[in-house]
J.: 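Please read through the structure below; I'll follow up with questions.
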Amino acid sequence: MKRLQDILTTLPTAHVAGNTSVTINDITADSRAVKEGSLFIALDGATVDGHNYIDKAVASGAIAVLVSKSVSVSDDICVITVDDTRQAMMACVPYFFDYPADSMRMIGVTGTNGKTTTTHMIRHILKSQGHKVGVIGTVHIMIGDTSYPIHNTTPDVVDLQHILHQMVMEGVTHCVMEVSSHALALGRVAGVEFDTAIFTNLTQDHLDFHKTFENYLAAKCKLFEQVSESNQKKRGKGAVINIDDEYGHRVIEKTKAPTITYSIDGKGTLNAHDVEMTPKSSRYKVSYDGHEFTVAMNTTGLFNVYNTLAAMGACLLEGISMDDIDKALKTFSAVPGRFELIEEGQPFAVVVDYAHTPDGLENILQTAKAIQENRIIVVFGCGGDRDATKRPIMGRIAAQYGDVVYVTSDNPRTEDPVQIVKDVEVGVKEGLREGAHYEVIVDRREAIQHAIRSAKPGDIVLIAGKGHENYQILKDKTIHFDDREEARAALKEI
């Protein structure tokens, strides 16, 4: 709770009409979440204008409203008028929640791929050292060992500050957070002071939002600019950067914080080499600060070697020794929906993975290629209302690696799923190798069933795009749909 007049100190240019001596119990920009004593923020968004819901907010108990337009309310409601309610929200909300990020070590992970696995690896290592860890990311929110659902990779300002405040109240010492390019561009992490920034990689994604690749890169770099800003409250800043990525050098230029670079090409301060893979595990050597360590993991894939190096770098900056990091990693298991093996006693491998970008798809197909005994069967699609330029690119990649490709629906959203698969099919035809073939089956359940029924001993069936998701977003509804459940059902049928 905060006195309204204290909150107003964060909005010095606001015009205020009404009683400011009231106590604010909560802040929200969602009229459905308003409760007695709330300050309601009216955001003017792309599809919804919060000013249209002020009457509803007041009826639900709001005693003050933050607006950028003229509104008519009863005299007992305090009206705070600003030029931009979104900017005002970024200033007043962290203050209302007492800047919770200042009370924890904040580790931010950004990049196109690898964020989820990297955050969970960091959590696992920190937890092994007795720390209580919070995680915010694509799969869920975790406070200690308790998991909560999440709707955006990085929640909006109000939700994020509320989550961070809850973590502080529950004794969390370290928060490990996926930081999306959307969040950085839209200011969702306003009021969060990061201690360590991690860059995993950068490949084509989200151009529907950022418009150009340079804009996408610039959004990611904001995290690294912020972590080395002057006049911060906390000390012990650092950056961990994948120097094998072609944009790693560009990211390094944006930060003045102490930096650990990582590589498998011998270019980093933290290097992996002599990598050995099996379908379920990996083993390799890591060199750091003149010492060499052997790492054994219950995960596979070169991309996971990179994820591990990123996690190592972050934990080294947190003062954890390489010996303790190595010991913790031996007990780490894969994150749900990330190269997740589905086992029902079948004589072939079935893998479910979240890969939904060209680079992500190529990474898991390269991993499959390295461990294949027979054919690679690929089931994948592309989401609607998202960057359409990557559809033929992903189709081409699937055809270049796959022996059999099933092009299907993903989350079509408001788009026609038939048109989406046609866009993908263009690339499949371009990349199709001699002897390989493809089939278009728009219904995802049917495509998964066909792929599994057609599999022979030694094959790898790779179901890509949705990973941990347990829903499918259609034009008029969202239905329950889980690739892992569908794969298990199909396997039990055969």
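No experiment lies behind these values; they were computed from the predicted model shown. Values below: every heavy atom of this structure, side chains too, minus hydrogens, waters and symmetry copies.
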J.: Can you name the nearest heavy-atom pair linking Ile463 to Ala487, along with the distance?
T.: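 Distance-wise, the nearest heavy atoms are CD1-CB, 4.0 Å.
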
J.: Is NZ or CZ of Lys466 both nearer than 6.0 Å to the six-membered ring centre of Tyr471 and within 45° of the ring axis?
T.: yes

J.: Look at Glu373 together with Lys456 and state whether they make a salt bridge at an N to O cut-off of under 4.0 Å.
T.: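 No, this pair does not count.
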
J.: Just wondering, are more than 12 heavy atoms of other shown residues or ligands nearer than 6.0 Å to NZ in Lys477?
T.: no

J.: Counting N and O atoms only, with roles assigned by atom type, does the side chain of Asp265 sit under 3.5 Å from a partner on the main chain of Lys267, one being a donor and the other an acceptor?
T.: no

J.: Are the side chain of Arg413 and the backbone N or O of Gly384 linked by a donor-acceptor pair below 3.5 Å?
T.: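 A pair under 3.5 Å: yes.
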
J.: Check Asp145 with Arg123, please: is the shortest side-chain N to carboxylate O separation under 4.0 Å?
T.: yes

J.: State, with a plain yes or no, whether a side-chain heavy atom of Met121 is found less than 4.5 Å away from one of Thr117.
T.: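 When only atoms from C-beta onward are counted, Thr117 and Met121 do touch, with a gap below 4.5 Å.
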
J.: When you look at His124 and Thr331, which way does the side-chain hydrogen bond (donor to acceptor under 3.5 Å, both in side chains) test go after all the steps?
T.: CA-CA 9 Å; His124 186 78; Thr331 58; 2.8 Å; yes

J.: Hey, which of Glu178, Met177, His182 is the one that makes side-chain contact (heavy atoms from CB on, under 4.5 Å) with Ser180?
T.: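 The residue from Glu178, Met177, His182 that satisfies side-chain contact (heavy atoms from CB on, under 4.5 Å) with Ser180 turns out to be His182.
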
J.: Compare every heavy atom of Ile136 with every heavy atom of Cys175, then report the nearest pair and how far apart it is.
T.: SG-CD1, 4.0 Å

J.: With distance as the sole test, does Glu430 use its side chain to make a donor-acceptor pair with the main-chain N or O of Gly427 at under 3.5 Å?
T.: no

J.: Does any part of the side chain of Arg338, heavy atoms only, come nearer than 4.5 Å to the side chain of Val139, both counted from C-beta?
T.: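 When only atoms from C-beta onward are counted, Arg338 and Val139 do touch, with a gap below 4.5 Å.
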
J.: Checking Thr118 side chain against Ala311 main chain: does a donor-acceptor pair fall under 3.5 Å?
T.: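 Checked: no pair found.
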
J.: Between Tyr406 and Ala451, what is the shortest heavy-atom contact and its length?
T.: CE1-CA, 3.6 Å

J.: Take a 6.0 Å sphere around NZ of Lys369 and say whether it holds more than 12 heavy atoms from other residues, nucleotides or ligands.
T.: yes

J.: To the nearest 0.5 Å, what is the distance between CD on Glu446 and CZ on Arg453?
T.: 8.0 Å

J.: Starting at NE2 of His437, measure out to CG of Leu432 and round the result to the nearest 0.5 Å.
T.: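 The distance works out to 9.0 Å.
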
J.: Looking at Arg375 and Asp403, is any side-chain nitrogen of the basic one under 4.0 Å from a carboxylate oxygen of the acidic one?
T.: no

J.: CG of Asn470 to CD1 of Ile479: how many Å apart, nearest 0.5 Å?
T.: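 Going from CG on Asn470 over to CD1 on Ile479, the span is 11.5 Å.
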
J.: Are any non-hydrogen side-chain atoms of Tyr401 and Leu361 less than 4.5 angstrom apart?
T.: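 No; the side chains remain at least 4.5 Å from each other.
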
J.: Do Ser409 and Asp443 touch side chain to side chain, with heavy atoms closer than 4.5 Å?
T.: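 They are not in contact (no side-chain heavy atoms under 4.5 Å apart), so the answer is no.
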
J.: Looking only at atom types and distance, does a side-chain atom of Thr408 sit under 3.5 Å from a main-chain N or O of Val442, one as donor and one as acceptor?
T.: yes

J.: Does this structure show an ion pair linking Arg445 with Glu486, if we count only N-O contacts that are shorter than 4.0 Å?
T.: yes

J.: When you measure from the side chain of Gln161 to the backbone of Ala190, do you find a donor-acceptor pair of N or O atoms at a distance under 3.5 Å?
T.: yes

J.: If every non-hydrogen atom of Ile377 is compared with every non-hydrogen atom of Ser454, which pair is closest and at what distance?
T.: CD1-OG, 3.9 Å

J.: Mind checking whether His131 and His174 have parallel, tilted or perpendicular rings, split at 30° and 60°?
T.: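 Geometry flag for His174 against His131: tilted rings.
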
J.: Nearest 0.5 Å please: distance from the CG atom of Leu270 over to the OG1 atom of Thr261.
T.: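 Nearest 0.5 Å value for the CG-OG1 distance: 8.0 Å.
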
J.: Please find the pair of heavy atoms, one from Pro417 and one from Pro412, that lie closest to each other, and give the distance.
T.: CB-CB, 4.0 Å

J.: Taking atom NZ of Lys237 as the centre, report whether more than 12 heavy atoms of other residues, nucleotides or ligands fall under 6.0 Å from it.
T.: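 Counting other residues, nucleotides and ligands, NZ of Lys237 exceeds 12 neighbours.
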
J.: Any donor-acceptor pair under 3.5 Å linking the side chain of Gln129 with the backbone of Ala328?
T.: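 Judged by distance alone, no pair lies under 3.5 Å.
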
J.: Do the side chains of Arg250 and Leu217 get nearer than 4.5 Å, heavy atoms only?
T.: yes

J.: Can you find a heavy atom in the side chain of Ile364 that is under 4.5 Å from one in the side chain of Val351?
T.: no

J.: Count the heavy atoms belonging to other residues, nucleotides or ligands that lie under 6.0 Å from CZ of Arg283, then report whether that count exceeds 12.
T.: no

J.: Are Ile320 and Leu126 side-chain neighbours, meaning at least one heavy-atom pair lies under 4.5 Å?
T.: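 In contact.
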
J.: Salt bridge or not for Asp326 and Lys330, using N-O below 4.0 Å?
T.: yes

J.: Hey, is the main chain of Ile252 close enough, under 3.5 Å, to the side chain of Thr255 for a donor-acceptor pair?
T.: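 Flag not set: sc Thr255 to bb Ile252 has no pair under 3.5 Å.
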
J.: Mark yes or no for whether Thr196, through its side chain, and Ile107, through its backbone, hold a donor-acceptor pair below 3.5 Å.
T.: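 No, because the side chain of Thr196 does not come within donor-acceptor range (under 3.5 Å) of the backbone of Ile107.
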
J.: Is the number of heavy atoms from other residues, nucleotides or ligands under 6.0 Å of His249 NE2 greater than 12?
T.: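 No, NE2 of His249 has 12 or fewer neighbouring heavy atoms, counting only those of other groups under 6.0 Å.
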
J.: Going by heavy atoms in the side chains, are Lys285 and Asp274 under 4.5 Å from each other?
T.: yes

J.: Run the side chain to side chain contact (heavy atoms under 4.5 Å, CB included) check on Val286 and Met322 step by step: do they pass?
T.: CA-CA 10 Å; Val286 173; Met322 275 295 294; 4.1 Å; yes

J.: Test Tyr284 against Met297 for side chain to side chain contact (heavy atoms under 4.5 Å, CB included), laying out the working first.
T.: CA-CA 9 Å; Tyr284 47 93; Met297 296 281 294; 3.9 Å; yes

J.: Do Asp244 and Tyr306 meet the criterion of a side-chain donor-acceptor pair at a distance under 3.5 Å?
T.: yes

J.: Decide side chain to side chain contact (heavy atoms under 4.5 Å, CB included) for Phe199 and Leu223; before the verdict, give the C-alpha distance in whole Å, the side-chain angles of both, and the deciding distance to 0.1 Å.
T.: CA-CA 9 Å; Phe199 171 74; Leu223 182 63; over 6 Å; no

J.: Charged N to carboxylate O under 4.0 angstrom, Glu415 versus Arg391?
T.: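 A salt bridge links Glu415 with Arg391.
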
J.: Which heavy-atom pair separates Val172 from Met104 by the least distance, and what is that distance?
T.: O-CG, 3.4 Å

J.: Looking at Phe348, is its backbone amide N or carbonyl O close enough to the side chain of Asp459 to form a donor-acceptor pair, meaning the two atoms are under 3.5 Å apart?
T.: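 Not at all, since once roles are kept as given, no pair shorter than 3.5 Å links the two residues.
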
J.: Go through the steps to decide whether Asp410 and Arg444 satisfy the test side chain to side chain contact (heavy atoms under 4.5 Å, CB included), and finish with yes or no.
T.: CA-CA 7 Å; Asp410 191 288; Arg444 192 172 181 93; 4.1 Å; yes

J.: For atom NE2 of His468, is the number of surrounding heavy atoms from other residues, nucleotides or ligands below 6.0 Å larger than 12?
T.: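 Counting other residues, nucleotides and ligands, NE2 of His468 exceeds 12 neighbours.
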
J.: Roughly how far, to the nearest 0.5 Å, is the CD1 atom of Ile163 from the CD1 atom of Ile150?
T.: 5.5 Å

J.: Here's a test for you: under side-chain contact (heavy atoms from CB on, under 4.5 Å), which of Thr110, Thr357, Asn307, Asn113 qualifies with Asn201?
T.: Asn113

J.: When rounded to the nearest 0.5 angstrom, what is the spacing between CD in Gln449 and CG in Leu491?
T.: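 These two atoms lie 11.0 Å from each other.
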
